[in-house]
There are 2 protein chains.
Amino acid sequence: MSCRLVTSDTNFASAFDVLINRKSINKYYINEIVTRIIAAVIDTGDSALVEYTRRFDLFDPIKTGLSIGNAEINAAVARVDSDTQKSLELAAERIENFHRRQLPKDFEINERLGIRIGMRWSAIDSVGLYVPGGTATYSSSVLMNALPAKIAGVPRRVMMVPTPDGVVNDLVLAAAHIAGVNEIWRIGGAQAIAALAYGTQTITRVDKIVGPGNAYVAAAKQHVFGKVGIDSLAGPSEILVVADSQNNPHWIAIDLLSQAEHDPLAQAILITDDNAFANAVADAVEDHLVTLPRVEIAEKSWRVYGAIIVTESIEEIPEIVNRIAPEHLELAVADPESMAVQIRHAGAIFLGRFTPVAIGDYLAGPNHVLPTAGTARFSSALSVFDFMKYTTTVASDPQGLAYLGPATIKLAEMEGLNAHARSLAIRINQR
Amino acid sequence: MSCRLVTSDTNFASAFDVLINRKSINKYYINEIVTRIIAAVIDTGDSALVEYTRRFDLFDPIKTGLSIGNAEINAAVARVDSDTQKSLELAAERIENFHRRQLPKDFEINERLGIRIGMRWSAIDSVGLYVPGGTATYSSSVLMNALPAKIAGVPRRVMMVPTPDGVVNDLVLAAAHIAGVNEIWRIGGAQAIAALAYGTQTITRVDKIVGPGNAYVAAAKQHVFGKVGIDSLAGPSEILVVADSQNNPHWIAIDLLSQAEHDPLAQAILITDDNAFANAVADAVEDHLVTLPRVEIAEKSWRVYGAIIVTESIEEIPEIVNRIAPEHLELAVADPESMAVQIRHAGAIFLGRFTPVAIGDYLAGPNHVLPTAGTARFSSALSVFDFMKYTTTVASDPQGLAYLGPATIKLAEMEGLNAHARSLAIRINQR
């Protein structure tokens with residue numbers, strides 16, 4: 001059984017604290033290994049990449065080449081059936097449309113006094129997109145990471161993907177092809193992050209690295225942060241479903257399991273104001289588990305991290321949601337909009353009984369790379385903003401400088417920064 | 001003498017590489033101390049804050065209280081002369097106006113097929129603003145950090161400022177008052193960052209921490225990253241001035257020194273296409289240094305990190321600028337706009353001969369917290385975006401779900417995520 005919390009119980013506050021303060025992994029052991037791998041890539045470049053790939057991915061990249069070229073990509077695309085190909089294309093089209101709407105606009109404020117101030121957006125020159133290997137290799141993640149970079153206008157978009165035993169994932173290559181990735185390398189792990197951040201003989205370094213990965217990849221990204229930009233560090237998937245008693249318990253149960261099946265560490269939580277409905281969902285979860293192919297993963301997640309919170313009223317729910325700050329929030333209630341306006345912290349909200357989270361994982365259009373572990377309190381989904389930056393501008397003529405001069409000189413002098421003050425005075429006095 | 005690079009010299013490429021790859025400090029020793037301080041604040045809260053403040057700031061906060069209250073703030077404000085007060089108010093007004101223009105708009109795309117997708121911005125609940133003590137205590141930095149948070153709509157804005165020997169800085173408190181800071185604590189260093197991230201008996205934790213600080217503060221911010229949000233890590237100030245021979249060399253020289261006087265580690269670079277002008281500026285720098293109060297700092301910076309790059313033509317300059325990706329870029333040329341459009345990477349651009357960088361440090365309106373050390377390649381000035389985040393929304397009705405269903409189910413099945421597929425199928429088939 002997953003755990004059950006009832007807001008009217010005396011121990012609710014402490015049980016809730018335990019629920020939302022899940023421990024993160026101990027990073028010390030990993031950090032040591034990752035530091036060594038990064039140093040090796042800095043020192044010996046490609047030969048370190050070859051060595052680690054032999055050791056961790058169990059094939060010889062000398063035979064295949066480190067890069068995955070057009071012939072190999074085209075062969076992979078040809079192996080993907082046309083239904084899947086069309087589905088990927090529809091997803092890409094919808095993701096592009098949504099992210100195009102995010103594109104920010106430059107502005108300039110032109111003041112009467114000869115002062116113009118503004119803000120100009122530009123794309124990053126190059127980004128590295130990390131795509132994990134193994135069971136967590138998702139073509140949809142390739143689209144979600146690569147397309148915003150393309151829409152933002154990043155000219156060079158480099159993908160790193162491990163190919164354990166040398167086997168490429170056709171779907172991933174097809175998605176990369178659709179998303180317009182320019183370069184693909186068959187390298188994974190901390191060594192891939194090091195190659196992106198520092199470059200090697202054959203790989204030119206990039207300016208920013210995005211994309212999910214295992215604990216080694218996350219540690220390597222944190223390590224190179226500052227040298228290059230990184231996106232936020234993604235944790236295990238989470239879903240919070242708010243459901244009243246008017247839902248089909250089987251629908252809600254499968255929604256909970258749809259995130260639980262990602263990872264044994266994933267967390268699925270139901271909040272409802274009806275105890276009988278809570279029981280019905282718990283039973284429906286058991287029913288679904290019996291027939292679910294990924295039962296082993298989903299069951300571990302549900303038993304260890306799953307939870308049902310029973311409240312006395314619908315009204316107390318929004319504040320509980322805000323304290324959790326979930327990655328995915330599903331509002332399966334009669335009036336989801338009036339609840340949504342009370343939510344301050346959530347990565348993505350899915351409104352109403354016919355909007356399961358899974359449609360956002362693939363096709364709806366918004367990004368599925370979302371803030372986890374409560375970081376929705378201060379961060380957001382991946383977007384075109386992650387691939388852009390802006391430059392502010394100031395332009396002044398002699399009149400504008402005369403207007404701003406006295407106050408600037410006063411403040412600079414008060415702060416003891418005489419050269420600052422003099423750089424204005426010398427122009428105003430024309431000496 | 002600062003170093004001189006000439007683009008037509010055979011060794012230019014290697015000399016330029018050395019110039020732009022300045023070493024950062026060794027962080028290992030600092031990390032150990034910072035880890036210990038953070039652990040102590042987590043363990044014992046306020047009493048660790050009292051202990052470290054006694055040791056590092058040399059006064060007893062038990063006598064004064066950890067917090068700086070209204071009476072103390074009002075007394076400080078009363079000690080600030082009215083000219084300075086008015087200058088701070090003008091600066092605040094201009095900074096607010098500029099940052100208000102940055103506020104992003106929500107959007108919703110309402111599709112015919114019963115699918116609505118959108119993006120809703122919201123403010124972070126609480127932020128911590130770190131203000132350094134000592135020689136680098138700038139009232140202007142208080143405005144530049146606190147006002148964007150206020151404009152973004154952050155309800156709780158907490159300031160941490162060390163008061164060495166127990167002495168408060170009137171100007172800093174006056175600026176905090178103008179900027180509408182809600183809480184002020186007389187605590188600095190890694191212990192202030194720990195208190196903001198983890199909370200103590202008297203200080204409630206915040207969601208994000210911004211503001212510059214010394215190496216200990218920077219290390220502590222990096223340490224708590226993930227637990228809370230942080231802004232980018234600021235390095236020493238930099239200025240890059242592009243100037244043709246039609247400038248007054250004394251104006252350009254004082255502009256270079258205006259950033260050099262910040263910090264012995266600051267970097268001031270001139271690029272010009274005229275060797276005689278380069279010599280004239282170098283001479284003018286020596287002239288100014290003689291009469292500059294902060295000569296010791298400015299001279300160290302100029303001698304060790306200063307540089308003059310002489311090119312053969314104006315046309316080759318923009319690409320050199322892009323490779324440096326400077327924090328502050330001043331374009332003192334005949335047609336600054338046509339050069340600016342060729343610049344992809346700069347924190348802030350100051351256009352024309354009457355726009356010294358110092359006006360942007362105080363009053364122009366754009367933020368003076370800017371990306372340093374080449375990070376303008378992938379990051380930007382502080383802005384309202386640093387204090388906001390967004391939630392994406394998806395809403396579907398049965399018709400919309402039927403439209404997106406087949407492709408979503410196909411992709412989920414191809415990725416082996418059966419519960420994802422089932423969460424759609426169960427609704428479409430109404431079972």
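Here is how names work: the chains are called A, B, and so on, in the same order as the sequence lines, proteins then strands, and each is numbered from 1.
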Would you mind checking which part of Gln399(B) comes under 4.5 Å of any heavy atom in chain A, side chain (CB onward), backbone (N, CA, C, O), both or neither?
neither
Quick one: what part of Ile124(B) sits under 4.5 Å from any heavy atom of chain A, side chain, backbone, both or neither?
both
Taking all non-hydrogen atoms of both residues into account, name the closest pair between Glu261(A) and His420(B) and its distance.
OE2-ND1, 2.6 Å
For Gly226(A) and Thr375(B), work out which heavy atoms get closest and say how close.
O-CG2, 3.7 Å
I would like to know whether Asp81(A) and Lys410(B) meet salt bridge (charged side-chain N to carboxylate O under 4.0 Å, His left out); could you show each step before the answer?
CA-CA 11 Å; Asp81(A) 70 89; Lys410(B) 180 77 196 174; 3.7 Å; yes
Side chain, backbone, both or neither: which part of Ser383(A) has a heavy atom under 4.5 Å from chain B?
both
For chain B, which candidate among Arg116(A), Glu111(A), Lys105(A), Glu413(A) shows the most heavy-atom pairs at distances under 4.5 Å?
Glu111(A)
Which atoms of Ser122(B) are under 4.5 Å from chain A, going by heavy atoms: the side chain, the backbone, both sets, or neither?
side chain
Listed by chain and number, what are the side-chain contact (heavy atoms from CB on, under 4.5 Å) partners of Asp125(B), not counting sequence neighbours?
Arg344(A), His345(A), Asp207(B)
Cationic N near anionic O, under 4.0 Å, Arg353(B) to Asp397(A):
no
Answer with side chain, backbone, both or neither: which region of Thr84(B) has an atom nearer than 4.5 Å to a non-hydrogen atom of chain A?
both
Specify the closest pair of heavy atoms between Thr391(A) and Ala346(B), including all atoms of both residues, with the distance to one decimal.
OG1-O, 2.7 Å
Side chain, backbone, both or neither: which part of Ala260(A) has a non-hydrogen atom closer than 4.5 Å to chain B?
neither
Which of Ile343(A), Val80(A), Asn97(A), Ile109(A) touches chain B most, by non-hydrogen pairs under 4.5 Å
Ile109(A)
Under 4.5 Å from any heavy atom of chain A - which part of Leu90(B)
side chain
The interface call for Ala421(B) against chain A, heavy-atom contacts under 4.5 Å, is neither
Where does the angle between the aromatic ring planes of Phe385(A) and Tyr390(B) fall among parallel (under 30°), tilted (30 to 60°) and perpendicular (over 60°)?
tilted
Does the side chain of Thr291(A) come under 3.5 Å of the side chain of Arg422(B) through a donor N or O and an acceptor N or O?
yes
Parallel, tilted or perpendicular, as decided by the 30° and 60° cut-offs, for the rings of Phe98(B) and Phe107(A):
tilted
Answer with side chain, backbone, both or neither: which region of Leu329(A) has an atom nearer than 4.5 Å to a non-hydrogen atom of chain B?
neither
So which part of Leu256(B) gets closer than 4.5 Å to some heavy atom of chain A, the side chain, the backbone, both or neither?
neither
The test is side-chain contact (heavy atoms from CB on, under 4.5 Å); show your working for Met414(B) and Ser139(A) and say whether it passes.
CA-CA 9 Å; Met414(B) 291 301 293; Ser139(A) 56; over 6 Å; no
Report which part of Leu417(B) has an atom under 4.5 Å of a heavy atom belonging to chain A: side chain, backbone, both, or neither.
both
For a salt bridge (charged side-chain N to carboxylate O under 4.0 Å, His left out) check, start with the C-alpha distance between Arg294(A) and Glu415(B), then their side-chain angles and the critical distance, and finish with the verdict.
CA-CA 12 Å; Arg294(A) 291 169 73 95; Glu415(B) 292 186 355; over 6 Å; no
Given a strict heavy-atom distance threshold of 4.5 Å, which part of Asp361(B) is in contact with chain A: side chain, backbone, both, or neither?
side chain
Please classify the contact between Tyr362(B) and chain A as side chain, backbone, both or neither, with a heavy-atom cut-off of under 4.5 Å.
side chain
Taking every heavy atom of Leu424(A) against every heavy atom of Ala358(B), the minimum-distance pair comes out as CD1-CB, 3.6 Å
Tell me, side chain or backbone of Ile117(A) under 4.5 Å from chain B's heavy atoms, or both, or neither?
both
So which part of Arg94(A) gets closer than 4.5 Å to some heavy atom of chain B, the side chain, the backbone, both or neither?
side chain
Pairs of heavy atoms under 4.5 Å with chain B: top-ranked of Leu257(A), Asp386(A), Leu292(A):
Leu292(A)
How many angstroms lie between CG in Asn367(B) and CE in Met119(A), if you round to the nearest 0.5 Å?
10.5 Å
Could you pull out all residues at least two apart from Phe354(A) that satisfy ring-ring contact (aromatic ring centres under 6.0 Å, His included)?
Trp251(A)
In short, Asp255(A) meets Ser423(B) closest at the heavy-atom pair OD1-CB, 3.3 Å
